[in-house]
Structure formats: C-alpha cells, structure tokens
Asks: 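Next up is a structure, given as structure tokens.
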Amino acid sequence: MKLMVIGGGGREHAIIRKLRENPEITHIYALPGNGGIAADAECIPVGARDIDGIVAFAQDNWIDFAVVAPDDPLVLGAVDALEKVGIPCFGPRASAAIIEGSKVFSKNLMKKYGIPTAEYEVFDNAEAALEYIESAPIPTVIKADGLALGKGVIIATTRDEAREAVKSIMEDKVFGASGNSIVIEEFLEGPEVSVLSFTDGKTMIPMVSSMDHKRALDGDCGLNTGGMGTVAPNPYYTADVAAECMEKIFLPTMEAMNSEGRTFKGCLYFGLMITKDGPKVIEYNCRFGDPETQVVLPLLESDLFTVMKAVSEERLGEVEVKFSSGAACCVVMASNGYPAKYDTGFEIKIPADIDAEVFVAGAKLSEERLLTSGGRVLGVVKTADTLAEAVDGAYRAVDKVGFDNAFCRRDIGARALAALKN
Ligand code: AMP
Ligand code: GLY
C-alpha cells in the first residue's frame with residue numbers, strides 16, 4: 001500500500017509517524033515534506049498548492065491513498081481532483097472545505113441551523129462596516145472572510161483599532177481577496193478548547209480534546225502565532241461540556257453540512273470557547289490542527305490508517321477509535337523573532353536517546369545536516385500518565401535539543417495544570 005501525505009509541517013510529521021504504525025503501508029511520500037520528515041517518508045518537491053502536480057505525481061506513482069492535511073489544497077479542491085482520477089482520499093472536498101475557507105459561509109451556516117456562536121454582521125463594503133463600527137460594542141472582533149494564514153482575526157479593544165482593522169482588510173487588502181468580505185462579531189470570553197473530530201457525514205467521533213497556546217510569549221503575551229504549544233486533554237472540556245457540544249454543536253454541524261449538500265468527510269476541527277452561556281463555536285477548520293495534532297495523535301491507540309480509510313469509505317461507524325487515558329504536551333521550539341522576522345540555517349541537534357517524540361516543522365537537509373528553515377522549527381512531544389508528567393518530560397527533552405537562535409515558551413500547560421488543581 002503506497003500513501004501520499006500532502007503538506008510539510010509538524011502536523012504532517014505527526015500524521016506520517018502514526019500512519020507508519022500500520023504494517024500494510026509499504027511506502028509513504030510527503031509532498032513536499034521537510035528535512036525532518038525525510039527520516040520517516042520520501043519527500044517529493046511538489047508544493048501543497050500545486051494541485052496539478054499532486055495529481056500527476058499520484059498517477060505516475062500508483063498511489064493507493066492520499067491524505068490532504070493543509071487548508072489551502074483542501075479549499076482549492078485537491079480531494080476533488082484526486083478522486084476524479086480514482087484516488088481515494090482522507091479530507092473534505094472543496095464544497096465542504098468552505099466551512100474553513102469562508103467565515104461568512106460558516107457564520108451563516110451556524111445562524112441557519114441554530115449552532116451556538118458569537119453574534120455577528122457581514123459586510124462587503126468598507127463604508128457600511130465603518131458606519132457599523134461607530135455603534136458596535138467594544139471590544140469587537142473583525143475577521144477577514146477567506147484564508148489568511150491564521151492572521152485574519154483582529155480583536156479591536158478601541159474604536160480606533162476597529163476602524164484601522166476594517167481599513168487594512170477591506171481597503172488596503174492586507175489579506176488580498178480574502179478581505180473582500182468581513183465578519184464583525186461579538187467578543188466572547190472564556191477558556192478555549194480545540195476538538196478535532198473524525199466524521200464521514202454519518203458518524204462523528206471527537207478525538208481527545210486539546211488546548212493551543214497561540215501567543216508568542218509566556219503568560220499569553222506577544223503576537224499571535226500559528227501555535228507555540230499544546231496539551232491534551234483540555235481540563236476545561238469536562239464530560240458535561242463534551243455532551244453539550246455533541247448535542248448542540250458537533251452533530252448539528254454534520255447534519256447542517258449534509259442538508260446543504262456539502263457532506264464533510266475528514267477531520268473537522270471545532271475551535272470552541274466555553275462561555276458562561278455554554279460552549280460556542282469560535283471557528284471551524286476543515287483539517288487537523290497544528291500543533292493540536294502533535295498531542296492528539298500520539299494518544300490515539302487505534303490504527304490511524306484504518307480510521308482514515310473508514311472515513312473515506314463512509315463506514316466510520318464500523319471502526320473503533322480509542323484514545324489512551326494519559327496526557328500529552330507539545331512544546332514548539334521556534335526561531336528567535338518568530339512570528340515576525342527571524343534568521344534560519346542553524347544546525348539542529350537531536351540526541352538519539354531523547355525521551356520524547358520530536359516532530360519537525362521547519363527544517364531542511366543540507367549534506368546530511370538538519371538546518372532550521374522556518375519560524376516554527378520543532379514540536380517536542382511527551383506523553384505520560386498525567387499532564388504534570390507530560391509537561392515536565394517535554395521540557396526536559398526541550399533542554400536536550402539544541403539549535404542556535406531557538407526560543408520556546410516556558411509555560412505550555414501551566415494554565416491547564418492550574419485548572420486541574422481547582
Ligand atoms: P480564529 O483564527 O478564528 O481561530 O481566531 C483566532 C483567535 O482569536 C481565537 O483563537 C480566539 O482566541 C480569538 N477570537 C476569535 N473570535 C473571537 C471572539 N468572537 N471573541 C473572542 N475572541 C475571539
Ligand atoms: N492551532 C490552530 C490551527 O491549526 O488552526
């Protein structure tokens with residue numbers, strides 16, 4: 001069985017490691033992969049947005065199954081294109097990936113089907129948006145409609161910031177066509193929870209919950225990043241909250257997509273906020289989260305490929321999806337300066353006897369040496385019986401991995417551990 005995984009970050013590394021546990025899989029290609037993934041898969045220099053290149057490679061190499069991990073190719077229709085030439089895939093078609101690709105779509109979907117989310121208004125011209133801002137409650141949240149590398153959300157704490165945000169998105173087009181429309185929504189408060197969920201449109205199986213740490217610096221300070229670390233499970237996601245989410249959010253979303261003729265098959269990511277009025281959807285993603293995947297998949301005890309194949313064949317209800325009762329912590333080691341300007345090209349040294357899993361996000365191989373090549377470089381992951389042990393173990397491993405110019409947060413898991421004590 002020959003597999004192809006589209007993407008080249010830490011998330012894809014974690015997916016590939018897990019897939020490798022299945023003995024039926026003889027070969028895994030990563031398109032494009034990265035210098036660290038090269039230890040676990042054959043990396044092919046085809047970009048994740050190059051749909052024609054992906055399809056051509058799959059056909060030329062008799063690929064049996066494809067996993068499309070990042071948002072861009074999903075929204076661009078990579079799954080549709082691969083299925084058209086007869087290659088089964090894990091991932092939603094473009095008609096369903098729109099749940100992440102357009103915030104206007106997802107907000108309208110939630111309103112139509114009564115799924116709890118922040119109150120909002122949609123604007124397709126700056127003038128009307130600016131007029132609305134004058135009387136909007138502050139803080140207010142302004143979101144570009146389309147994909148914006150995770151940066152399309154601005155939380156404005158003053159009216160001036162809100163005006164600036166509207167102008168930069170709609171007039172200066174800082175996110176390009178993604179800012180042709182915007183959503184302005186109510187500012188919600190409460191702990192955030194990420195829930196990745198397998199679904200084939202008939203069955204919905206949430207994975208173990210997790211908590212991302214989006215800001216660059218300790219204490220949730222600094223700029224927003226792609227994610228500086230994660231822990232699983234998330235202590236705010238209690239059994240009661242989980243039951244409420246299933247009833248009011250997860251199943252209604254699956255049914256809503258079916259009713260719209262946009263059946264979602266793949267991993268549906270629910271970004272939730274546990275407000276005083278109950279859980280509400282902050283965002284949907286049409287894919288595995290990064291770096292949530294790096295803590296969720298190491299806790300999966302079932303075979304990932306079996307589950308992915310069942311999703312693709314719409315028989316998820318027939319397979320077992322079991323998670324360990326333990327915990328995991330992922331500490332991201334990034335290049336100094338990330339998410340702004342940073343230097344790359346520093347050698348990464350990972351001791352062979354390290355007591356943790358290291359997923360590589362941004363590195364390239366140069367004459368057998370692994371060199372930093374991105375903002376987020378490594379995700380160092382420790383699983384253990386308890387969250388305290390996982391956090392402790394992850395940091396002990398971090399201290400053994402080295403590259404010049406590295407930085408990481410020192411408080412990944414601190415909030416989760418504090419919540420467990422209360
Ligand atoms: P998103 O890209 O939609 O996940 O938004 C990025 C981050 O902005 C989220 O993880 C939240 O921390 C924050 N955020 C988004 N929407 C809201 C909201 N309505 N109220 C408060 N915070 C929000
Ligand atoms: N960690 C957030 C995301 O994957 O979008």
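Order of appearance sets the numbers: ligands from 1, and atoms from 1 within every ligand. FYI, side chains are in, hydrogens and waters are out, and symmetry mates aren't considered; it's all heavy atoms of this structure.
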Asks: Is the terminal nitrogen or CZ of Lys143 (NZ for Lys, CZ for Arg) located under 6.0 angstrom from the six-membered ring centre of Tyr120 and within 45° of that ring's axis?
Replies: no

Asks: Just need the protein heavy atom nearest to atom 17 (C) of ligand 1, so name the residue and atom and give the distance.
Replies: Ile282 CD1, 3.6 Å

Asks: Going by the order shown, which atoms of ligand 1 are within less than 4.0 Å of some heavy atom of Lys214?
Replies: 4 (O), 10 (O)

Asks: Can you list the atoms of ligand 2 that are under 4.0 Å from a heavy atom of Gly289?
Replies: 4 (O)

Asks: Check whether any N or O atom of Lys214, backbone or side chain, sits under 3.5 Å from an N or O atom of ligand 2, and answer yes or no.
Replies: no

Asks: Would you mind finding which of Thr140, Ile155, Asn224 brings a heavy atom closest to atom 22 (N) of ligand 1?
Replies: Ile155

Asks: Does at least one non-hydrogen atom of Phe288 fall below 4.0 angstrom from an atom of ligand 2?
Replies: no

Asks: Quick one: does Glu189 get within less than 4.0 Å of ligand 1, heavy atoms only?
Replies: no

Asks: Out of Asp220, Val141, Asp212, indicate the one that has the non-hydrogen atom closest to atom 18 (C) of ligand 1.
Replies: Val141

Asks: With a cut-off of 4.0 Å, which atoms of ligand 1 are near a heavy atom of Phe187?
Replies: 20 (N), 21 (C)

Asks: For atom 2 (O) of ligand 1, grab the closest protein heavy atom and report residue, atom and distance to one decimal in Å.
Replies: Val153 CG2, 3.3 Å

Asks: Counting from 1, what ligand 2 atoms have a heavy atom of Glu292 closer than 4.0 Å?
Replies: 1 (N), 2 (C), 4 (O)

Asks: One residue to check: Arg287. Relative to ligand 2, which of side chain, backbone, both or neither has a non-hydrogen atom less than 4.0 Å away?
Replies: side chain

Asks: Give me the residue, atom name and distance of the protein heavy atom closest to atom 16 (N) of ligand 1.
Replies: Lys143 NZ, 3.0 Å

Asks: Out of Thr225, Asp220, Val332, which one pairs with Arg409 under the side chain to side chain contact (heavy atoms under 4.5 Å, CB included) rule?
Replies: Asp220

Asks: Taking only heavy atoms of Glu185 into account, list the atoms of ligand 1 that are under 4.0 Å away from them.
Replies: 16 (N), 17 (C), 18 (C), 19 (N)

Asks: Without placing hydrogens or testing angles, list every side-chain donor-acceptor pair under 3.5 Å for residues 38-55, not counting sequence neighbours.
Replies:
{"from": "Asp40", "atom 1": "OD1", "to": "Arg17", "atom 2": "NE", "distance (Å)": "3.4"}
{"from": "Asp40", "atom 1": "OD1", "to": "Arg20", "atom 2": "NH1", "distance (Å)": "3.4"}
{"from": "Asp40", "atom 1": "OD2", "to": "His13", "atom 2": "NE2", "distance (Å)": "2.8"}
{"from": "Asp40", "atom 1": "OD2", "to": "Arg17", "atom 2": "NE", "distance (Å)": "3.1"}
{"from": "Glu42", "atom 1": "OE1", "to": "His27", "atom 2": "NE2", "distance (Å)": "2.8"}
{"from": "Arg49", "atom 1": "NH1", "to": "Asp72", "atom 2": "OD2", "distance (Å)": "3.0"}
{"from": "Asp50", "atom 1": "OD1", "to": "Gly53", "atom 2": "N", "distance (Å)": "2.8"}

Asks: For ligand 2, note which part of Thr230 has a heavy atom under 4.0 Å away: side chain, backbone, both or neither.
Replies: neither

Asks: Below 4.0 angstrom from a heavy atom of Asp212, which ligand 2 atoms are there? Numbered from 1 as shown, please.
Replies: 1 (N), 2 (C)

Asks: Pairs in or reaching into residues 94-104: which pass salt bridge (Lys or Arg N to Asp or Glu O under 4.0 Å), with residues at least two apart or in two chains?
Replies: Glu100-Arg287

